[in-house]
There are 2 protein chains.
Amino acid sequence: MRKAKQNALEKKGWKVGSAEEFLGLSEQEIAYIELKLELSRKLKASRTSKKLTQADLARVVNSSQSRVAKMEAGDPTVSIDLLVKSLLALGVSKKELGQAIS
Amino acid sequence: MRKAKQNALEKKGWKVGSAEEFLGLSEQEIAYIELKLELSRKLKASRTSKKLTQADLARVVNSSQSRVAKMEAGDPTVSIDLLVKSLLALGVSKKELGQAIS
DNA sequence: TCAGTGTATGTCACATATGACATACAAACA
DNA sequence: TGTTTGTATGTCATATGTGACATACACTGA
């Protein structure tokens with residue numbers, strides 16, 4: 001964005017910044033969301049590397065295809081607990097989990 | 001335990017083994033519990049290093065002293081989500097979180 | 001075009017986690 | 001002894017997460 005444009009907007013009461021600022025999220029909230037997304041990506045990567053469908057994984061973890069989809073999408077209704085349990089069920093070690101968090 | 005004693009017990013229908021076997025926990029369940037305990041310990045360490053009481057921390061994370069005590073005790077009713085949120089609120093970075101998991 | 005396969009999204013009844021409260025325990029100190 | 005400060009434990013109404021279901025979307029091959 002051009003600086004002049006930004007100044008113009010700010011005169012009208014807009015703050016120009018990152019998406020986080022726009023949404024009013026604190027640093028902690030951002031870190032929490034990022035953490036969940038990292039686990040989501042790890043889950044999808046683990047699943048696809050084993051050539052399982054979401055429905056397959058759902059069976060393994062006693063859940064449903066739709067919930068697996070939400071896990072992988074980082075849906076706000078999905079807990080870290082469920083992500084961690086699913087990852088462990090896929091055979092991912094605690095160590096790998098720690099490494100997936102960056 | 002003496003081997004003879006063990007055999008005697010097993011004849012009576014007891015299986016002699018680790019606590020995990022006794023409780024009938026799977027490897028995944030053990031890993032999950034260990035993970036939670038590691039976060040618990042990290043939380044307590046972070047809190048005490050800042051010279052905060054459990055009540056102090058409770059205020060910071062909008063919880064209660066009793067729940068903080070349960071977090072640090074690895075109580076089964078405490079979610080990983082709550083532990084992670086509390087750790088982040090204490091200023092622990094994602095990176096440190098990952099490293100705390102071993 | 002249609003059918004099959006995998007994934008995404010919305011909703012809901014039910015299960016689990018939550019903060020709050022009471023109260024017990026432990027250690028330090030007068 | 002009693003008092004204070006910090007921590008542990010049990011319970012409960014309510015908030016949040018859950019599996020399940022329906023259904024939409026995306027892609028592939030016939």
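The structure displayed is predicted, hence computed values, not measured ones.
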*Asks:* Check whether any side-chain N or O of B/S63 sits under 4.0 Å from OP1 or OP2 of C/dG19, and answer yes or no.
*Replies:*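 For C/dG19, OP1/OP2 do have a side-chain N/O of B/S63 under 4.0 Å.
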*Asks:* For the pair made of CG in B/L43 and C1' in D/dA8, what is the distance, rounded to whole Å?
*Replies:*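 Rounded to whole Å, this separation is 15 Å.
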*Asks:* Quick check: any donor-acceptor pair below 3.5 Å linking the side-chain of A/S64 to the base of D/dC21?
*Replies:* no
*Asks:* Identify which nucleotide among D/dG10, C/dT7, D/dG6 has an atom closest to any side-chain atom of A/R47, counting heavy atoms from C-beta outward.
*Replies:*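 Nucleotide nearest to A/R47's side chain: C/dT7.
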*Asks:* So B/R47 and B/E72, do their side chains get closer than 4.5 Å, heavy atoms only?
*Replies:* yes
*Asks:* Roughly how many Å is it from CG in A/L52 to P in C/dT5, rounded to a whole number?
*Replies:* 17 Å
*Asks:* Is B/K70 side chain donor-acceptor paired with the D/dG10 base, going by distance under 3.5 Å alone?
*Replies:* yes
*Asks:* Ignoring backbone atoms, test whether B/S79 places a side-chain nitrogen or oxygen under 4.0 Å from the OP1 or OP2 oxygen of C/dT18.
*Replies:*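 True: B/S79 side-chain N/O within range (under 4.0 Å) of C/dT18 OP1/OP2.
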*Asks:* How many Å lie between CG on A/L82 and P on C/dT16, as a whole number?
*Replies:* 13 Å
*Asks:* Given that B/Q54 and A/N62 both sit by DNA chain D, which one's nearest nucleotide is further toward the 5' end?
*Replies:* B/Q54
*Asks:* To the nearest Å, give me how far apart NZ (A/K51) and C1' (C/dG6) are.
*Replies:*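 One finds 15 Å between C1' of C/dG6 and NZ of A/K51, rounded.
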*Asks:* Would you kindly give the CG-to-P distance between A/D75 and C/dT11, to the nearest whole Å?
*Replies:*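 Going from CG in A/D75 over to P in C/dT11 covers 12 Å.
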*Asks:* Taking any heavy-atom pair under 4.0 Å as a contact, classify A/V78: base, sugar-phosphate, or nothing.
*Replies:*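 Sugar-phosphate contact only.
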*Asks:* Measure the distance from CG on A/L57 to P on D/dT18 and round it to the nearest whole Å.
*Replies:* 14 Å
*Asks:* Mind calculating the distance between NZ (B/K44) and C1' (D/dT7) to the nearest angstrom?
*Replies:* 8 Å
*Asks:* May I ask you to evaluate whether B/R67 reaches the phosphate of D/dT11, defined as a side-chain N or O under 4.0 Å from OP1 or OP2?
*Replies:*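 Answer no for this pair, as no side-chain N or O of B/R67 is under 4.0 Å from OP1 or OP2.
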*Asks:* D/dT18 base to A/K85 side chain: any donor-acceptor pair below 3.5 Å?
*Replies:* no
*Asks:* Is B/Q65 side chain donor-acceptor paired with the D/dA8 base, going by distance under 3.5 Å alone?
*Replies:*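 Present.
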*Asks:* A/L90 versus A/L52: any side-chain heavy-atom pair under 4.5 Å?
*Replies:* yes
*Asks:* Between B/I80 (CD1) and D/dT16 (C1'), how many Å, whole number?
*Replies:* 16 Å
*Asks:* Check whether any side-chain N or O of B/R59 sits under 4.0 Å from OP1 or OP2 of C/dA20, and answer yes or no.
*Replies:*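 Answer no for this pair, as no side-chain N or O of B/R59 is under 4.0 Å from OP1 or OP2.
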*Asks:* With the side chain counted from C-beta on, respond yes when A/I33 and A/L37 share a heavy-atom pair under 4.5 Å apart, and no when they do not.
*Replies:*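 Answer yes - side chains close enough.
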*Asks:* Hey, does B/D81 reach any base, or is it just sugar-phosphate, or nothing, if we go heavy atoms under 4.0 Å?
*Replies:*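 B/D81: no heavy atom of the nucleic acid under 4.0 Å.
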*Asks:* Which heavy-atom pair separates A/L83 from A/K36 by the least distance, and what is that distance?
*Replies:*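 Heavy-atom minimum between the residues: CD1-O, 4.0 Å.
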*Asks:* Decide yes or no for A/I101 and A/K42: does some side-chain heavy atom of the first lie under 4.5 Å from some side-chain heavy atom of the second?
*Replies:* no
